[in-house]
Amino acid sequence: MYDENGRQYLDCINNVAHVGHCHPDIVKAAHEQNQLLNTNSRYLHDNLVDYAERLSKTLPEKLCTFYFLNSGSEANDLALRLARQYTKHEDVIVLDHAYHGHLTSLIDISPYKFRNLEGQKEWVHVAPVPDTYRGLYREDHEDSVTAYANEVKNIIEQAHKRGRKIAAFFVESLPSVGGQIIPPAGYFQKVAEHVHKAGGVFIADEIQVGFGRVGKHFWAFQLQGEDFIPDIVTMGKPIGNGHPIACVATTKEIAEAFGATGVEYFNTFGGNPVSCAIGLAVLDVIEKEHLQAHATEVGNFLMKLFKEQKIKHPIIGDVRGSGLFIGVDLIKDQAERTPATAEAERLVTRLKEEYILLSTDGPGRNVLKFKPPMCFSMEDAKFVVDTIDKLLTGSTDQNYLIEGCCWPALKSVLSLFFRSAKTKPRWWMLNI
């Protein structure tokens with residue numbers, strides 16, 4: 001990315017510009033279709049059918065019905081409606097710290113948001129994040145998969161005792177805001193078994209992590225194993241490389257139950273010719289440039305470099321991820337794994353001064369999150385890790401931290417002072 005002065009920044013967090021900022025193939029597809037026709041989806045167009053067919057080839061066969069929308073929030077809201085109409089139940093189970101969108105219906109099922117607003121609704125149930133690093137059941141637990149799944153089972157049983165009925169278990173395939181979490185394989189299968197037994201459906205939110213980002217698979221839920229298939233999948237963000245597109249994929253049975261209400265589902269711009277042309281172009285680029293394999297190669301290299309840094313820098317507690325979805329968990333101490341929140345914030349600020357864009361996530365805002373455009377290279381990975389190594393190595397130097405303040409900011413203030421005062425700094429000022 002470039003700022004208004006032409007300075008170049010390395011983008012490590014933009015999972016919306018999935019195949020790269022302003023990719024020429026995407027720009028060309030949008031421009032060419034705009035010159036032909038763009039209108040609302042009441043007018044039938046081949047792009048809509050072609051795009052649905054292409055998407056269907058990436059998904060399990062039973063996910064054969066598609067609804068096109070304009071944003072991830074719209075997609076998740078529709079998924080909630082589909083689940084409730086199909087099951088005739090109301091309640092939803094979500095993971096702690098989850099975020100599923102900005103609509104009122106989605107704020108209600110996003111602990112990341114509602115804990116700071118009106119609180120938890122009676123129909124919302126919160127399960128612990130299946131985090132084997134700092135969660136309830138960690139890497140040394142004999143069976144963390146079953147233990148975490150049983151937490152969901154217990155929630156269902158308690159809800160039933162109060163006369164509540166579960167419509168859905170709603171989960172990001174890889175919890176992002178929750179701290180770049182990789183749920184242990186088999187967890188979704190066991191949870192789905194409990195949810196289905198209760199009459200609910202399983203909704204996989206792929207809005208942050210779909211479209212080949214995890215490398216090994218096109219969809220992150222596939223990391224759980226070939227025997228797991230969600231009932232509903234939602235897509236957004238990377239689907240249009242920055243253009244507003246979203247999609248819900250579901251089964252024929254759920255779609256028919258939704259249609260049986262007699263209330264037509266219509267979305268003015270969802271599935272318009274330009275959006276579908278862009279969606280098709282994104283799929284073409286992923287395939288043509290082998291971006292799934294690239295994500296695996298670069299992601300593995302990036303994690304390898306960080307694991308080497310973990311030996312050198314005790315502040316790095318955990319390195320986890322798949323493909324180009326990676327979390328680096330910064331801690332104050334190895335024993336308690338206390339989140340290094342302030343240190344993470346200062347590091348991100350210093351990286352920006354080095355023209356590297358990175359951010360943090362997790363309840364403690366201490367997890368460095370890597371979700372770069374999929375063209376992120378081996379050279380980019382090495383540059384980022386080398387820069388972080390340099391900053392962490394110098395973090396005890398007073399030039400970096402002065403009472404928790406970044407030196408470059410202080411240096412700028414002192415520079416202005418000396419210019420305005422027209423005086424020379426004394427030796428002790430230079431030695432700060």
Checklist entry - Would you say the side-chain atoms of H18 and N241 include a donor-acceptor pair closer than 3.5 Å? => result no
Item to check | Sub-4.5 Å side-chain heavy-atom contact between S73 and L103 | outcome: yes
Checklist entry - Parallel, tilted or perpendicular: which fits the ring planes of F169 and F202, with parallel below 30° and perpendicular above 60°? => result tilted
Next on the checklist: Does Q35 have more than 12 heavy atoms from other residues, nucleotides or ligands lying within 6.0 Å of its CD?
Outcome noted: yes
Checklist outcome for this item: Heavy-atom nearest pair, P244 first then S275, reads O-OG, 4.0 Å
Checklist entry - Does NZ belonging to K197 count more than 12 external heavy atoms closer than 6.0 Å? => result no
Checklist entry - Does any donor atom in the side chain of E206 or S173 lie under 3.5 Å from an acceptor atom in the other side chain? => result yes
Next on the checklist: With a 4.5 Å cut-off on side-chain heavy atoms, are I93 and I166 touching?
Outcome noted: yes
Checklist entry - How about K62: does its NZ atom have over 12 heavy atoms from other parts shown lying under 6.0 Å from it? => result yes
Next on the checklist: Set out, in order, the CA-CA distance, both residues' side-chain angles and the distance that settles side chain to side chain contact (heavy atoms under 4.5 Å, CB included) for L80 and V92, then state yes or no.
Outcome noted: CA-CA 9 Å; L80 192 58; V92 178; 3.5 Å; yes
Item to check | Donor-acceptor pair between D361 and Q180 side chains, under 3.5 angstrom | outcome: no
Checklist entry - With distance as the sole criterion, is a donor-acceptor pair present between the side chains of N40 and T268 under 3.5 Å? => result no
Checklist entry - Have S176 and K371 got a donor and an acceptor in their side chains that come within less than 3.5 Å? => result yes
Item to check | Close side-chain approach of V328 to V367, heavy-atom, < 4.5 Å | outcome: no
Next on the checklist: Determine whether H21 and M1 satisfy the following criterion, side chain to side chain contact (heavy atoms under 4.5 Å, CB included), listing intermediate values before the conclusion.
Outcome noted: CA-CA 8 Å; H21 292 281; M1 296 187 74; 3.4 Å; yes
Checklist entry - What are the two closest non-hydrogen atoms of L63 and I232, and how far apart are they? => result CD2-N, 4.5 Å
Checklist entry - Do the side chain of T58 and the main chain of L55 share a donor and acceptor less than 3.5 angstrom apart? => result yes
Checklist entry - Between Q208 and K237, do the side chains contain an N or O donor and an N or O acceptor separated by less than 3.5 Å? => result no
Item to check | I278 CD1 to H23 NE2 distance, which is reported to the nearest 0.5 Å | outcome: 13.5 Å
Checklist entry - Using the ring of each side chain (for Trp, its six-membered ring), is F211 parallel, tilted or perpendicular to W219, with breaks at 30° and 60°? => result perpendicular
Checklist entry - Would K113 count as a cation-pi partner of Y99, with NZ or CZ less than 6.0 Å from the six-membered ring centre and within 45° of the ring normal? => result yes
Checklist entry - Are R162 and W123 in a cation-pi contact, defined as NZ or CZ under 6.0 Å from the six-membered ring centre and within 45° of the axis? => result no
Checklist entry - Salt-bridged, E308 to K304, with N to O below 4.0 Å? => result yes
Item to check | K252 atom NZ, over 12 foreign heavy atoms within 6.0 Å | outcome: no
Next on the checklist: Within a 6.0 Å radius of atom CZ on F269, are there more than 12 heavy atoms belonging to other residues, nucleotides or ligands?
Outcome noted: no
Checklist entry - Taking Q33 for the side chain and L37 for the main chain, is one N or O donor matched with an acceptor at less than 3.5 Å? => result yes
Item to check | Under the side-chain hydrogen bond (donor to acceptor under 3.5 Å, both in side chains) test, residues paired with R138 that sit two or more places apart | outcome: none
Checklist entry - Where do C12 and V384 come nearest, in terms of heavy atoms and distance? => result SG-CG2, 3.7 Å
Checklist entry - Which side chain to side chain donor-acceptor pair (under 3.5 Å) pairs, counting each pair once, include a residue from residues 374-385, with sequence neighbours left out? => result S377-E379, S377-D380, K382-D386
Next on the checklist: Please check if the number of heavy atoms outside E345 that lie under 6.0 Å from its CD is greater than 12.
Outcome noted: no
Next on the checklist: With side chain to side chain contact (heavy atoms under 4.5 Å, CB included) as the criterion, how do T87 and V201 come out once you've worked through the C-alpha distance, each side chain's angles and the decisive distance to 0.1 Å?
Outcome noted: CA-CA 8 Å; T87 64; V201 297; 4.0 Å; yes
Checklist entry - With a cut-off of 6.0 Å (strictly less than), are more than 12 heavy atoms of other residues, nucleotides or ligands near CD of Q120? => result yes
Next on the checklist: Using 30° and 60° as the class boundaries, would you call the ring planes of Y265 and Y67 parallel, tilted or perpendicular?
Outcome noted: perpendicular
Checklist entry - Any side-chain donor paired with an acceptor under 3.5 Å for Y137 and E151? => result yes
Item to check | Steps toward side-chain hydrogen bond (donor to acceptor under 3.5 Å, both in side chains) verdict (N272, H45) | outcome: CA-CA 8 Å; N272 70 72; H45 194 278; over 6 Å; no
Checklist entry - Less than 4.5 Å apart, any side-chain heavy atom of E122 and any of R164? => result yes
Checklist entry - So, E139 and R337, do they make that salt bridge, N to O below 4.0 Å? => result yes
Checklist entry - Does the distance from a Lys or Arg side-chain N to an Asp or Glu carboxylate O, for R350 and E354, drop under 4.0 Å? => result yes
Item to check | Residue pair L95 / P130, side-chain heavy-atom distance below 4.5 Å | outcome: yes
Checklist entry - Can you tell if the side chain of L174 reaches within under 4.5 Å of the side chain of L223, non-hydrogen atoms only? => result yes
Checklist entry - Does the distance from a Lys or Arg side-chain N to an Asp or Glu carboxylate O, for K369 and D329, drop under 4.0 Å? => result no
Next on the checklist: Going by the rule side-chain contact (heavy atoms from CB on, under 4.5 Å), which residues pair with Q292 if we only count those two or more places apart in sequence or in a different chain?
Outcome noted: F218
Item to check | D77 and S105: side chain donor to acceptor below 3.5 Å | outcome: yes
Checklist entry - What are the two closest non-hydrogen atoms of S41 and N267, and how far apart are they? => result OG-O, 2.8 Å
Item to check | Within 6.0 Å of CD in E118, more than 12 heavy atoms from elsewhere | outcome: no
Next on the checklist: Less than 4.0 angstrom from a charged side-chain N to a carboxylate O is my criterion; do R134 and D318 meet it?
Outcome noted: no
Next on the checklist: Looking only at side-chain N and O atoms, does H125 offer a donor or acceptor that is under 3.5 Å from a partner on D91?
Outcome noted: yes
Checklist entry - Between V16 and H243, is any pair of side-chain heavy atoms under 4.5 Å apart? => result no
Checklist entry - Within 45° of the axis and under 6.0 Å from the centre of the six-membered ring of Y2, does NZ or CZ of R7 qualify? => result no
Item to check | Close side-chain approach of V19 to E289, heavy-atom, < 4.5 Å | outcome: no
Checklist outcome for this item: P183 and I181 have their tightest heavy-atom pair at CD-O, 3.4 Å
Checklist entry - Minimum heavy-atom separation for P273 to N47, with atom names? => result O-ND2, 3.0 Å
Checklist entry - D333 and T338: side-chain hydrogen bond (donor to acceptor under 3.5 Å, both in side chains), yes or no, with the steps? => result CA-CA 6 Å; D333 58 275; T338 308; 2.8 Å; yes
Item to check | Working for ring pair (Phe, Tyr, Trp, His ring centres under 6.0 Å), residues F301 and F306 | outcome: CA-CA 9 Å; F301 178 64; F306 271 120; over 10 Å; no
Next on the checklist: Could you go through V385 and K390, starting from their C-alpha distance and side-chain angles, then the distance that decides it, and tell me whether this counts as side chain to side chain contact (heavy atoms under 4.5 Å, CB included)?
Outcome noted: CA-CA 9 Å; V385 176; K390 179 183 72 175; over 6 Å; no
